[in-house]
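Order of the sequence lines sets the chain letters (A, B, ...), proteins ahead of strands, with each chain counted from 1.
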Number of protein chains: 2
Amino acid sequence: MSSTRSKTSKRSSRGDRTRERLLNAAVELLEEGGYAAASVAAITERGGVAAGALYRHFPSKAELFVEVFRTMAESKLGHLREASAVPGTAVDKLDAIVREFTSSSLSQPRLAWALGYEPVDPLVDAERLAYRQTYRERLAELLRRGIEAGELPEQDAELTAASLIGAISEALVGPLSPVRGERVSTEKTIVAISVFCRRAVGA
Amino acid sequence: MSSTRSKTSKRSSRGDRTRERLLNAAVELLEEGGYAAASVAAITERGGVAAGALYRHFPSKAELFVEVFRTMAESKLGHLREASAVPGTAVDKLDAIVREFTSSSLSQPRLAWALGYEPVDPLVDAERLAYRQTYRERLAELLRRGIEAGELPEQDAELTAASLIGAISEALVGPLSPVRGERVSTEKTIVAISVFCRRAVGA
DNA sequence: CAGCATAGTGAATCCGAATTCACATAGTCG
DNA sequence: CGACTATGTGAATTCGGATTCACTATGCTG
């Protein structure tokens, strides 16, 4: 494909930079108006190229979004990993993760909504599902450690993990949804969710 | 509109029956292949009429689905109400509701998926959101009673309610999703979810 | 500079639905 | 029966985007 990137790394070629700009444009549009706002026309316009150019860099619009989602999810995953590096018991780590997840979602509502819930495209949905699964596995692993350590009661770690993710998501939907109702204090929300999760795992 | 239904009730007119058949066809198709399978063509074919006929009964496909969703949600709401009529403490009622919700979803996976999660149409999504809100309020009300009665610890009932719904939903997604993984025992799943919820509310 | 590949252009095309509409047909009422 | 309304027909139209493509521009390499 791009024989030009053979420079191992160095300064990126024109094409590579356009590619980047398109990806960024997609993210921005997602933040601003969700998937509906992110048409090929809009993306390419913001990227400063004509519509057709997109197809020099991605086989389809869907594939572009797969990449967007993959990137963002990977980054979020990184943050969660960092958060869980906090010293302490498994429960402490769990709590750190929950808080990180909650607060980052609250600070970029529309994006979080788009990443986690908004109907996009079958291809992208699959990607999303896959990452959700990854989150779940991470959590489950942590839970298992907590159980072994006797910090948590015996339970189906996978199911609990899934439930936790669902609980956090749903609790956030109100605040996240473009159709926002009454705005509640962010800090209060985080604490409430954190408490709920602690109780839910049996801490 | 239908001056014919002036017979107060009696036997339904031809039109009314076609209307019913279309609604049923839509539900069936939803069960079988999700929203994707429920095109106007498919619905009308199954209903035994030509495509255009649909528009004699509904202003648009979306409106038809709004009605489908409303009906099903109303029915589910009814079942939950029945379930919560079980004698006992607020926690008992809560548990009954959780079990009812879980088991009914598991027995009609595809339909539950379509009703609860599958991206459909903005108009329908709004309807769905509204009912979710209703579920949430019901649950919250119950929780509040439990808190007052001292059966449950002090907490934000609304948030807990939302979290519970999210937890159940997500825990079911695996089993519900068309992309089913390993099949787990229905009974086990119900129990596990029930236990999780009890813990989560602080029972 | 010639030559070739990579990038970019943007109007035309495609595509898969929903929706419309001019024309039947069935039902009802006086 | 005759007229008038409710229903049904289904091919043609619409529609909103994604995608293509013949052509042009850019930039590197020898």
Between B:R21 (CZ) and D:dG8 (P), how many Å, whole number? 7 Å
Can you check whether A:S39 has a side-chain N or O nearer than 4.0 Å to OP1 or OP2 of D:dG16? no
If you find the nucleotide of DNA chain C closest to B:R14 and the one closest to B:Y55, which residue's nucleotide is nearer the 5' end? B:Y55
Residue met sooner reading DNA chain C from 5', once B:A38 and A:G52 are mapped to nucleotides: A:G52
For atom CD of A:E137, decide whether the heavy atoms of other residues, nucleotides or ligands shown that lie under 6.0 angstrom number more than 12. yes
Report the nucleotide, chosen from C:dT9, C:dA18, D:dT7, that has the shortest atom-to-atom distance to any side-chain atom of B:V40. C:dA18
Closest approach to the side chain of A:R56, judged atom by atom: which nucleotide of D:dG8, D:dA18, C:dG8 is it? C:dG8
Distance check: side-chain N/O of B:S60 vs OP1/OP2 of C:dA18, anything under 4.0 Å? no
If I take atom CD in residue A:E45 and atom P in nucleotide C:dG8, what distance separates them, rounded to the nearest angstrom? 16 Å
Would you mind reading off the distance between B:L64 atom CG and C:dA17 atom C1', rounded to a whole angstrom? 16 Å
Quick note, B:K61 side chain, CB onward, closest among C:dA17, C:dG8, D:dG8 is C:dA17
Report the distance from atom CD of A:E63 to atom P of D:dA18, rounded to the nearest whole Å. 15 Å
Between P on C:dG10 and CD1 on A:I43, what's the gap in Å once rounded to a whole number? 18 Å
Check this for me: B:E32, atom CD, are more than 12 non-hydrogen atoms of other residues, nucleotides or ligands nearer than 6.0 Å? yes
How many whole angstroms separate atom CZ of B:F58 from atom P of C:dA18? 15 Å
Using a 6.0 Å distance limit plus a 45 degree cone around the ring axis, check whether A:K61 lies over the aromatic ring of A:Y35. yes
Ignoring backbone atoms, test whether A:H57 places a side-chain nitrogen or oxygen under 4.0 Å from the OP1 or OP2 oxygen of C:dG8. yes
Write down the distance between CG (B:D16) and P (C:dA26), rounded to a whole number of angstrom. 19 Å
Quickly work out the B:D121 CG to C:dA18 P distance and round it to whole Å. 10 Å
One thing to verify: whether B:R132 and A:E170 come together as a salt bridge, which I'm taking to mean a side-chain N less than 4.0 angstrom from a carboxylate O. yes
Pair A:D125 + A:R128: basic N to acidic O under 4.0 Å: yes
